[in-house]
Number of protein chains: 2
Amino acid sequence: MVKIMDELTERQKIILTLVTHEHINSALPVGSKVVVEKFNIGLSSATVRNEMSTLTELGYLRQPHTSAGRIPTDKGYRFFVGRLVREGEIPLSAQRKISHQFYQMRNDVEQWARLAASILAQQSNAASLITAPHSEHTKLQHVEFISTYGSQILMVLVLVGGELRQRIQNLNEPYSQERLSSVGHLLTQQFKGLETARIIQKVREFSDLELELAYIVGEEMERADATVSGEIYLDGITNVLAEPEFNDAGDARRALRVLEERTLLYELFSKTIMNNDEGTVQVLIGGEGTWDELKQCSIVLSKYGVPGIAFGTVGVLGPVRMAYGKTISAVRFMSGMLSEMVSQSHFEENIIAPNEVD
Amino acid sequence: MVKIMDELTERQKIILTLVTHEHINSALPVGSKVVVEKFNIGLSSATVRNEMSTLTELGYLRQPHTSAGRIPTDKGYRFFVGRLVREGEIPLSAQRKISHQFYQMRNDVEQWARLAASILAQQSNAASLITAPHSEHTKLQHVEFISTYGSQILMVLVLVGGELRQRIQNLNEPYSQERLSSVGHLLTQQFKGLETARIIQKVREFSDLELELAYIVGEEMERADATVSGEIYLDGITNVLAEPEFNDAGDARRALRVLEERTLLYELFSKTIMNNDEGTVQVLIGGEGTWDELKQCSIVLSKYGVPGIAFGTVGVLGPVRMAYGKTISAVRFMSGMLSEMVSQSHFEENIIAPNEVD
DNA sequence: ATTAGCACTCGAACCTTGCGAGTGCTAAAA
DNA sequence: TTTTAGCACTCGCAAGGTTCGAGTGCTAAT
């Protein structure tokens, strides 16, 4: 158990870290010489060479070709990330500034998501992905029916957590807005705070228009439950194109396809994130064997939200050679920020700007 | 006036068209020889050569380098597009199929937009951009206030056209849901069908809670008016990367940045489209001198919607060397399809699948 | 155990060269 | 007058060759 840590000597760990660090900065293979020269380690290049050779045998480094330096393998990156403690935190002043921005748009979930995506893309210099908060077990908060034209109505469902779902429906005959409103009032009373299953049970208690509308409420609740997560907001897609590993158009395409293919993203979110606690930052390196499409990419992911209310995902996608320290910090910060926003928007009684409480 | 058409002889027009057509397919410079061989024109290569030389002088063609064939300039493309009548229409069977898909998700604007974007990206093999329908002069249809937690409320605005706007607001003290509902009912009665300006005028007629809520209704209406267009839906971004002209990562980046930069897109929409009638298809070649970021790109745009209800935009972005015929047809079709959906969703009394009426 | 020294490897960069597509010009043919 | 055949010329591109140097692995000395 403990011995696993000692597969590598302390010196090897240091060298591996240095090589990885240097490669992340330079995007080039790292030779023994640069390691010795850039970081004044008390060793000769020959010694470093031997150690690097060992690290290569152990699968932490590899050589793109014989006469080149070494670059980390996914395993090497994994080790590097594992040792990374805290690094590249966003300066406190910037944190405050960002926080302030969020509080200014506190009444619009969509805007949070956009802002978060934008800031994250900028901080990490990679592509960011944010999902809007979404409840797992949806409870109804309020339902409203609005007559639009003829026998057509608009149903608006407000879920606990503030999520909104709308739906246009055509009825068999037109009803007055008064009638629709009263049914809305009744169903809200009956269904308020209930989960989908309970609502569907209760649908049969009604008849006539009430039944018809109660039925589509249940139907829409089911859809809400089936929705894996909220809308996905992306930003900084062009950042990844700037990375040298995506100079080849084919590689770039493969990487960006991931961002367009929502099904893959949803799978990713549900498999890696949703079991974890909010606030934990996960790093997925090179697709981790499971996702072929992500061979050249790493993803830094975190879940945010408040238990019992709603959860969302915040993440960054970039090349495997990524500034993990900075990115992880940024994702962690953003996850916290968004959790705070979710919490605030549901529990706070008054608008208090953060600098007023501090 | 008429003479302008005769800047070119008929033969030159044909040759220009052939060269353009060939270049669009092959992505390579086109020489006099291929023109003669591929299309059995009754001329020798020397004659074609002379004509191509003239076309070059007139600015319709250009040579990437001395010993290469010719490629169309933006002016050449423009001529080509102008002469294009109807070409590459989507087969009727496919049209029906697509139409059917739309009618199946008739009750969700967001889904239309996604579907339209997806189909358009596939049809044009380029990037598609769709904005959800949005009214120009917003009228209020319904307003609802929902108590969420403590003194916090959720306001839901339904605009004529079905657009929904939500907003979380904290009041000075908590109110019962009954009280909120009755204010909602009152304000709906008072404001229904009115535009922003009239609503703001009437705000002062109220006092207490009614005043407070009426005020934020007005505020939110103003925001709705200020919103240039609905959400932008993108698809097929990776299609663009597959084009040889974007093999260079820098060029690709420049092109895709346009899609990320919403402000530019909005500008584009408002400047080129919003003055035009719905259904008209506009083609913007190589940024048309105005947009430097689009030097390598062409955009095919159309406005869709129903006067008095709502309008949106549908477009395709691809390389200047684009299959204009097919793309224009696809955009025209999609524009019509979406107009139909907007119309249907607001006027139709019953759900009728299109194949039932046909 | 570490290190200096050295031979070796191999990719990147640069040059040369030949090829061929495509042109423009001219003079002859229609 | 228009078209065309013929031909010299240009120039990008691909292929092959050479150099250069970074980086390695091994060995022998410390």
Side-chain angles (χ1 to χ4, degrees), chain A residues 6 8-16 18-23 25-73 76 244-245 247-248, chain B residues 6 8-16 18-23 25-73 76 244-245 247-248:
Chain A
D6 294 355
L8 300 180
T9 66
E10 197 52 41
R11 198 170 68 184
Q12 284 168 338
K13 290 179 190 170
I14 290 171
I15 289 174
L16 175 53
L18 291 178
V19 168
T20 309
H21 183 82
E22 180 60 19
H23 176 66
N25 285 329
S26 69
L28 296 169
V30 181
S32 51
K33 215 170 161 187
V34 262
V35 174
V36 174
E37 284 173 3
K38 279 224 173 171
F39 318 91
N40 53 349
I41 190 175
L43 292 170
S44 79
S45 70
T47 311
V48 174
R49 216 146 48 227
N50 287 328
E51 296 288 34
M52 280 166 75
S53 180
T54 315
L55 286 167
T56 307
E57 275 172 34
L58 293 173
Y60 290 94
L61 294 176
R62 67 192 174 87
Q63 272 182 298
H65 50 262
T66 325
S67 73
R70 307 297 216 280
I71 61 178
T73 60
E245 29 270 274
N247 263 346
D248 179 67
Chain B
D6 293 354
L8 300 180
T9 67
E10 196 53 41
R11 196 169 69 184
Q12 286 168 337
K13 289 179 190 170
I14 291 171
I15 290 175
L16 176 53
L18 291 179
V19 168
T20 309
H21 183 82
E22 180 59 19
H23 176 66
N25 286 328
S26 69
L28 296 170
V30 181
S32 53
K33 217 172 162 186
V34 263
V35 173
V36 174
E37 285 173 1
K38 279 224 174 172
F39 319 91
N40 54 349
I41 190 175
L43 293 169
S44 77
S45 68
T47 311
V48 174
R49 213 145 50 225
N50 286 328
E51 295 290 33
M52 280 166 72
S53 180
T54 315
L55 286 167
T56 307
E57 273 171 34
L58 293 173
Y60 290 94
L61 294 177
R62 66 193 175 86
Q63 274 183 298
H65 52 261
T66 324
S67 72
R70 308 296 217 279
I71 61 179
T73 60
E245 29 269 275
N247 263 345
D248 180 68

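Keep in mind that the numbers below use all heavy atoms, side chains included, and drop hydrogens, waters and symmetry copies. Proteins get letters first, then strands, A, B, ... in listed order; numbering begins at 1 in each.
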State, to 0.1 Å, how close [X] and [Y] come at their nearest heavy-atom pair, and which atoms those are.
X: B/Arg62; Y: B/Thr56; answer: CA-CG2, 4.3 Å
X: B/Thr73; Y: B/Gly59; answer: OG1-O, 2.6 Å
X: B/Leu43; Y: B/Thr47; answer: CD2-CG2, 4.1 Å
X: A/Ala68; Y: A/Pro64; answer: CB-CD, 4.3 Å

Could you pull out all residues at least two apart from B/Thr66 that satisfy side-chain hydrogen bond (donor to acceptor under 3.5 Å, both in side chains)?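 With neighbours one apart ignored, the set is empty.
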Sub-4.5 Å side-chain heavy-atom contact between A/Tyr60 and A/Leu8: yes
With nearest nucleotides of DNA chain D determined for A/Thr56 and B/Gly42 from heavy-atom distances, which residue corresponds to the more 5′ nucleotide? B/Gly42
Which sits closer to the 5' end of DNA chain D, B/Ser44 or B/Pro64, going by the nucleotide each is nearest to?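 The answer here is B/Ser44.
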Roughly how far, to the nearest 0.5 Å, is CG of B/Leu61 from CD1 of B/Ile71?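 These two atoms lie 9.0 Å from each other.
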Interatomic distance, A/Leu16 atom CG to A/Thr9 atom OG1 [nearest 0.5 angstrom]: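 One gets 10.5 Å once the value is rounded to the nearest 0.5 Å.
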Measure CD1/B/Ile15 against P/D/dT3 and give the value in whole Å, please. 10 Å
Rounding to an integer number of Å, can you tell me how far A/Arg49 CZ sits from D/dA22 C1'?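 To the nearest whole Å, that distance equals 11 Å.
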Selection: residues 26-33 of chain B, any non-hydrogen atom under 4.0 Å of DNA chain C: B/Gly31, B/Ser32
By salt bridge (charged side-chain N to carboxylate O under 4.0 Å, His left out), A/Arg11 pairs with (sequence neighbours left out) A/Glu51
How would you label the contact of B/Thr47 with the nucleic acid (heavy atoms, under 4.0 Å): base, sugar-phosphate, or nothing?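 Touches a base.
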Taking only nitrogen or oxygen atoms into account, show me every contact under 3.5 Å that the protein makes with nucleotides 27-30 of chain D, one pair per line with its distance.
none

Pick from A/Glu57, A/Arg70, A/Gln63: which one makes a side-chain contact (heavy atoms from CB on, under 4.5 Å) with A/Met52? A/Arg70
Boundaries of the DNA chain C segment in contact with chain A, non-hydrogen, under 4.0 Å: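 Extent of the interface on DNA chain C: C/dT2 to C/dG11.
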Could you list the donor-acceptor pairs under 3.5 angstrom formed between side-chain atoms of residues 29-40 of chain B and any protein atom two or more places apart in sequence or on another chain?
{"residue": "B/Lys38", "atom": "NZ", "partner": "B/Glu22", "partner atom": "OE2", "Å": "3.3"}

